[in-house]
Each structure stands twice: as C-alpha cells, then as structure tokens.
Q: 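This is the structure I want to talk about, given as structure tokens.
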Amino acid sequence: LKETQDELLAQAHEAGMAEMAVGVLHNIGNAITPVKVGTTALIKRMTTSPLRRPLQDTLTQTLKAIETLPGLPEEEKKRTVAILTLLPKSIREEYDQIIDEIRHISEKHQYIENVINLQMHYAQLKSKEERVDINRVAEDALEMLAELIDKHGIAVETSFQPVDMVELEEGKLVQILVNLIKNACEAMSGNTDAAKQLSITTSQSNGESPKVMLSVQDTGCGFTPEEQRNFFSFGYSTKKRGSGFGLHSSANYLIAHNGTIEARSGGPGRGAEFIVSLPAVVEGT
C-alpha cells in the first residue's frame with residue numbers, strides 16, 4: 001500500500017511538473033523570438049556593410065593620391081599606403097568572423113526553438129492512446145537530447161527499419177525513450193579512452209503475435225547481474241541523484257500495454273542495452 005501511495009504521489013508530481021513546463025516553455029519561446037529577429041537583421045547588416053566589400057575600391061583613388069602627394073617623404077608614403085592596403089582585408093576578415101559567430105548563435109537558437117516546439121507538442125498531448133510511428137518518436141527523442149549527446153562527444157548510429165505502428169500514448173513513449181537515451185549518455189560520461197557509441201535500432205518480429213522492438217545500446221559503464229535484477233524496482237537507482245522512478249514507471253506502462261522492457265549487459269565496463277518491445281498494430285486490424 002505504501003509503495004502504491006508513493007508511486008501515485010510521484011505520478012501526480014510528474015503531471016504537475018508537465019503542466020508547469022508548458023507554461024515555462026511558452027514564456028521562453030516568447031522571450032527568445034526577438035533574438036531570432038535581431039540575429040537575422042544583424043547578419044544582413046554586417047554582410048552588406050560598405051566597410052566589408054566596397055572599401056577596397058573606395059581606397060584605390062586615395063592610394064594613388066598619396067603616392068603623388070608632394071612634400072611627403074617616400075618612407076612615410078610607403079608606410080601609409082601599406083596600412084591602407086591592409087585595412088580593407090583586415091576589416092573584411094573581422095566582419096567575416098563576427099558574421100560566423102552570429103550565424104553560430106542563430107543555429108543554436110534554431111536548435112532551442114526546435115526542442116521547445118517538440119517539448120510543447122509532447123507536453124500538450126492528451127492522455128489518449130493512438131497509433132504511433134516508433135521511428136519518428138525515436139528521432140524526436142534524439143533531437144531533444146542532441147545538445148547532451150554533443151556535450152559528451154557521443155557518436156550516434158541509427159538503424160530504423162520499416163515497422164508497423166504501435167498503439168499507446170505518444171507522450172508517454174517519448175518520455176520512455178528520452179529516459180533511456182539520457183541514461184545511456186550518462187553511462188558513457190565516465191569513458192576516457194573507450195569510444196562513446198550510442199546505437200538506436202528498430203526491428204519487427206513477425207509471426208502469430210508480431211512485435212515492434214526498439215533497442216538503445218551504449219558503450220558505457222554497464223552493470224552487474226544484481227543491478228539488472230533491481231533496475232525496474234520502485235526507488236532503485238545506480239545514480240547518486242537518481243530517483244529510481246524513470247525505469248520503474250516505464251516498465252509498468254509498457255507491461256500495461258502488453259509490452260516489455262529488457263536490460264542487458266556483458267558486465268561492468270562492457271556497455272548496456274535496453275530493449276523495448278510492443279505489440280505491432282498490423283494493417284487492416
């Protein structure tokens with residue numbers, strides 16, 4: 001009874017946080033919109049600045065005038081001409097560097113905007129079951145975590161096979177996949193010499209009861225058989241600040257939808273794989 005009560009409280013807290021997140025994301029989106037407009041205008045202004053391109057032609061007549069200027073020592077003429085000759089190139093290079101930096105900011109802004117839109121989409125999904133393309137949801141989950149993946153220097157390999165739809169809440173599925181991918185990234189954060197490789201694959205087993213499978217595999221710290229037995233228990237976590245709720249709630253949700261989640265590892269330091277399996281919705285049913 002105590003475990004059930006704790007789980008219900010955790011779910012209520014999660015629902016409240018999701019509602020709060022929608023408001024926060026909306027306000028962030030409004031706040032960063034002027035940045036997008038500003039960077040676009042700034043790039044255009046810097047690119048078309050008369051100091052960046054036409055300055056060379058403008059200075060041509062000035063250079064000729066200095067070379068024929070009476071009363072100015074030859075050494076002074078040469079030094080002035082040399083400075084004015086280098087000036088357009090220096091200004092152009094400086095402007096190009098600034099433009100590159102602004103474009104980098106603009107690209108980061110676009111990434112933030114994409115993530116906000118994805119998060120808003122999933123946060124606002126109503127709790128209803130529908131037919132979902134697991135490949136598309138996996139791509140969305142990867143995009144949401146692109147910054148984290150890049151931060152840890154992780155190489156991502158995907159192999160999305162043509163699979164049938166699955167039937168469940170789309171918002172719940174993306175939460176499960178985000179949780180699995182995030183765990184995989186954190187498991188590889190301690191890798192020093194070993195390669196950091198994240199592999200996401202989908203496949204389908206056909207037969208009397210066709211299943212759609214999604215695998216999240218990493219080259220991280222792995223786990224022991226004892227840890228494997230406890231992974232999906234409420235409150236259990238191998239992370240210092242882990243709540244032990246993510247994998248537990250994921251397993252419960254998948255089981256309630258006739259699915260499964262399985263954890264595999266060759267042992268500590270030998271990576272891990274988590275496999276989600278769900279009934280396929282066969283066309284025509």
Side-chain angles (χ1 to χ4, degrees), residues 2-11 14 134 137-138 141-142 144-145 148-149 152-161 163 166 168 172-205 207 209-280:
K2 177 69 165 60
E3 183 177 326
T4 302
Q5 185 181 23
D6 289 343
E7 186 171 342
L8 288 172
L9 283 171
Q11 288 174 346
E14 188 182 55
I134 199 169
V137 176
L142 281 170
M144 288 180 187
L145 294 172
L148 177 67
I149 291 168
H152 287 296
I154 295 168
V156 178
E157 183 180 272
T158 60
S159 178
F160 297 141
Q161 303 302 314
V163 294
V166 294
L168 73 174
K172 286 288 186 184
L173 179 59
V174 79
Q175 285 178 26
I176 292 169
L177 300 189
V178 163
N179 186 48
L180 292 178
I181 296 169
K182 183 171 177 286
N183 287 347
C185 292
E186 291 172 351
M188 291 186 283
S189 61
N191 286 24
T192 51
D193 299 328
K196 298 179 181 180
Q197 178 78 42
L198 175 67
S199 300
I200 315 288
T201 62
T202 57
S203 59
Q204 182 164 331
S205 67
S209 301
K211 298 278 187 180
V212 173
M213 280 88 69
L214 180 138
S215 164
V216 178
Q217 190 170 11
D218 65 67
T219 56
C221 59
F223 49 80
T224 65
E226 183 182 355
E227 289 171 332
Q228 181 181 11
R229 285 191 291 271
N230 292 310
F231 264 141
F232 305 108
S233 301
F234 181 77
Y236 179 81
S237 176
T238 57
K239 294 184 285 187
K240 290 181 180 179
R241 298 184 180 180
S243 65
F245 182 68
L247 287 176
H248 174 71
S249 61
S250 297
N252 283 352
Y253 183 80
L254 291 168
I255 291 168
H257 288 77
N258 300 313
T260 60
I261 181 169
E262 180 185 358
R264 298 175 181 173
S265 175
R270 301 183 66 181
E273 181 181 19
F274 284 81
I275 303 168
V276 171
S277 176
L278 285 161

Q: Using a 3.5 Å distance criterion without hydrogens, assess whether the side chain of Thr219 forms a donor-acceptor pair with backbone atoms of Gln197.
A: yes
Q: If the condition is side chain to side chain donor-acceptor pair (under 3.5 Å), which residues does Ser209 pass it with, not counting sequence neighbours?
A: none
Q: Among residues at least two apart in sequence or on other chains, which ones pass side chain to side chain donor-acceptor pair (under 3.5 Å) with Thr202?
A: Asn135
Q: Side chain to side chain contact (heavy atoms under 4.5 Å, CB included) with Cys185: which residues, sequence neighbours excluded?
A: Leu148, Ile149, His152, Ile154, Ile181
Q: Measuring from atom CG of Leu198 to atom CG of Leu145, what distance do you get when rounded to the nearest 0.5 angstrom?
A: 9.5 Å
Q: Where is the tightest heavy-atom contact between Lys196 and Ser189, given as atom of each residue plus distance?
A: NZ-O, 4.1 Å
Q: Supply the atom-to-atom distance Met144 CE to Gln175 CD, rounded to the nearest 0.5 angstrom.
A: 9.5 Å
Q: Using the test side chain to side chain contact (heavy atoms under 4.5 Å, CB included), find all partners of Thr158 that sit at least two apart in sequence or belong to another chain.
A: Leu142, Val156, Phe160, Ile200
Q: Tell me every residue that passes side chain to side chain contact (heavy atoms under 4.5 Å, CB included) with Gln217, counting only those two or more places apart in sequence or in another chain.
A: Ser199, Ser215, Glu273
Q: If every non-hydrogen atom of Thr260 is compared with every non-hydrogen atom of Leu254, which pair is closest and at what distance?
A: O-CD1, 3.9 Å
Q: Of the non-hydrogen atoms in Phe223 and Gln228, which two are nearest, and what is the gap between them?
A: CE1-CB, 3.6 Å
Q: Nearest 0.5 Å please: distance from the CD atom of Glu186 over to the SG atom of Cys221.
A: 10.0 Å
Q: Determine the minimum heavy-atom distance between Ser265 and Gly222, stating which atoms define it.
A: OG-CA, 3.5 Å
Q: Could you state the interatomic distance from OG (Ser203) to CE (Met213), rounded to the nearest 0.5 Å?
A: 4.0 Å
Q: Are Val276 and Val212 packed together at the side-chain level, in the sense that at least one heavy-atom pair is separated by less than 4.5 angstrom?
A: no
Q: For the atom pair CG (Leu168) and CD1 (Ile134), what is the distance rounded to the nearest 0.5 Å?
A: 8.0 Å
Q: Could you pull out all residues at least two apart from Pro210 that satisfy side chain to side chain contact (heavy atoms under 4.5 Å, CB included)?
A: Gln204, Asn206, Ala280, Val282
Q: Do Asn183 and Phe274 come close enough that some side-chain heavy atom pair is under 4.5 Å?
A: no
Q: Check Asn179 against Leu247 and note the closest heavy-atom contact, atom names and distance.
A: ND2-N, 3.7 Å
Q: Can you name the nearest heavy-atom pair linking Leu278 to Gly259, along with the distance?
A: CD2-CA, 4.1 Å
Q: Would Val166 and His257 count as a side-chain contact (heavy atoms from CB on, under 4.5 Å) here? Give the steps.
A: CA-CA 10 Å; Val166 294; His257 288 77; over 6 Å; no
Q: Any side-chain heavy-atom pair from Leu180 and Ile261 closer than 4.5 angstrom?
A: yes
Q: Please check if any side-chain donor atom of Gln161 sits under 3.5 Å from a side-chain acceptor atom of Ser159, or the reverse.
A: yes
